[in-house]
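Atom set for the values below is all heavy atoms of this structure, side chains included, hydrogens, waters and symmetry mates excluded. A note on names: the letters A, B, ... follow the listed sequences, proteins ahead of strands, and every chain is numbered from 1.
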Number of protein chains: 2
Amino acid sequence: MLRLTKRSEYGLMALAYLGSRAAEFCSVREMAEDMAVPARLLAEVLKDLARAELINSQRGPNGGYQFAKDPTHFTIFDIVEILEGEVQFTNCAPGLTCTRESSCTIHGAISKVAEQVKGVLDGFTLAHLTPGHPDHMMSAATAAKSLQV
Amino acid sequence: MLRLTKRSEYGLMALAYLGSRAAEFCSVREMAEDMAVPARLLAEVLKDLARAELINSQRGPNGGYQFAKDPTHFTIFDIVEILEGEVQFTNCAPGLTCTRESSCTIHGAISKVAEQVKGVLDGFTLAHLTPGHPDHMMSAATAAKSLQV
DNA sequence: TTAATTTAGCACCGACTTGGTGCTTTTAAA
DNA sequence: TTTAAAAGCACCAAGTCGGTGCTAAATTAA
């Protein structure tokens, strides 16, 4: 159904969370509780993000994770690629497993589609997800509330 | 990995094929052979497209499938929705299974992403996939060939 | 009428992916 | 030394995906 996995979803939520928490270390337990997501799975996701050097990790008491770099430097595409592997829209693109060079007439257009989808994901940085950041996009609920004020 | 399923892939290929074959009926066997895809699976896909009244079906000898309407009237999004079910980018969007209204800060941006991805898929019609049609986008291979001439 | 061709319907299966957990080790602070 | 936390690795259940089997219904041709 063309959807992101939970890994990406939790990852994006966690990064947004970290972004809004200044530079302090946050533990997985803390984050999982606040975000109401399964702690162990979140831990796996954060491990991957740390391996990709997107966030710093600190072991031991008062340890946890913290943003390594400016959130505006990373896009949703980057995160999805880290957590789900290479984004490959179909098998049917030149150079991939589509060997129907002669008969397959769609990979021209499909490549364009894939390119544009990639463009969309690259058009959003982590800052867009991070509350408090000037680039943040409000949810419908939040927007409604701010209108009431 | 954010990819289309084989159902969508075969469906799009088949529709491109039908679009390039004037208005005659084409049998599944014929199409599957020409496109080098598994016939039975292609048959399932075409059944779904026929149920959606996107193509006409005709049983019996010399039967098969044929385009019902103008290819420019259908977008890639339509096909994907028919063959994969409702496109739902994440669980995390207002009104969906994301019940973390208060804590989840990403569904504002995620909704925008989903909207734009939908926009991309809606920006391509079947005509873009159909060789012979003026809107058709050539594959890299075909383009290379035409340059050689 | 009969046989052949083709779609329609429905159920099913094996393999892979996904979401999630268990357990042990390593690091670091109190 | 104890405790809190991440790192590593393996594992499992459920779901999805690609694909197939089988039977019925429709249509054409002989």
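One can place CG of A:Asp48 at 13 Å from P of C:dG19, the figure rounded to the nearest angstrom. Rounded to an integer number of Å, the gap from CZ of A:Phe25 to C1' of C:dA28 is 12 Å. The OH atom of A:Tyr10 sits 11 Å away from the C1' atom of C:dT18 (whole-angstrom rounding). The interatomic distance linking B:Ile55 (CD1) with C:dT6 (C1') rounds to 14 Å, in whole Å. When rounded to the nearest whole Å, the span between CZ of A:Arg40 and P of C:dG22 equals 8 Å. What separates CD of A:Glu44 from P of D:dC9 is a distance of 11 Å, to the nearest Å. Rounded to whole Å, the distance from CG on B:Asn62 to P on C:dT5 is 11 Å. If you measure from atom CG of B:Leu42 to atom C1' of D:dG18, you get 13 Å, rounded to the nearest angstrom.
For B:Glu84 against D:dC17, no side-chain N or O and base N or O form a donor-acceptor pair under 3.5 Å. In the interface, the side chain of B:Lys47 is paired with the base of C:dG9 through a donor and an acceptor atom under 3.5 Å apart.
Here A:Thr5 does not reach the OP1 or OP2 of C:dT17: none of its side-chain N or O atoms lies under 4.0 Å away. The side chain of B:Ser57 places an N or O atom within less than 4.0 Å of a non-bridging phosphate oxygen (OP1 or OP2) of C:dA8. Within the structure, a side-chain polar atom (N or O) of B:Gln58 is placed less than 4.0 Å from OP1 or OP2 of D:dT28. Close to D:dA4, at under 4.0 Å from its OP1 or OP2, lies no side-chain N or O of A:Arg29. Dashed line: the shortest gap from a side-chain N or O of B:Arg7 to OP1 or OP2 of D:dT16 is not under 4.0 Å.
Between A:Arg59 and A:Leu4, the residue anchored closer to the 5' end of DNA chain C is A:Leu4, taking for each the nucleotide with the nearest heavy atom.
Residue B:Ile76 holds its CD1 atom at 7.5 Å from CG of B:Leu126, rounded to the nearest 0.5 Å.
Between B:Glu24 and B:Gln66, the shortest heavy-atom contact is O-CB, 3.9 Å.
Checked by atom type, the side-chain pair B:Asn56/B:Tyr65 shows no donor-acceptor distance below 3.5 Å.
Side chain of A:Asp78 to backbone of A:Thr75: a donor-acceptor contact under 3.5 angstrom is found. Judged by distance alone, the side chain of A:Glu84 and the main-chain N or O of A:Thr5 form a donor-acceptor pair under 3.5 Å.
Between C:dG20, D:dA5, D:dA7, one nucleotide has an atom nearer to the side chain of A:Leu41 than all others, and that is C:dG20.
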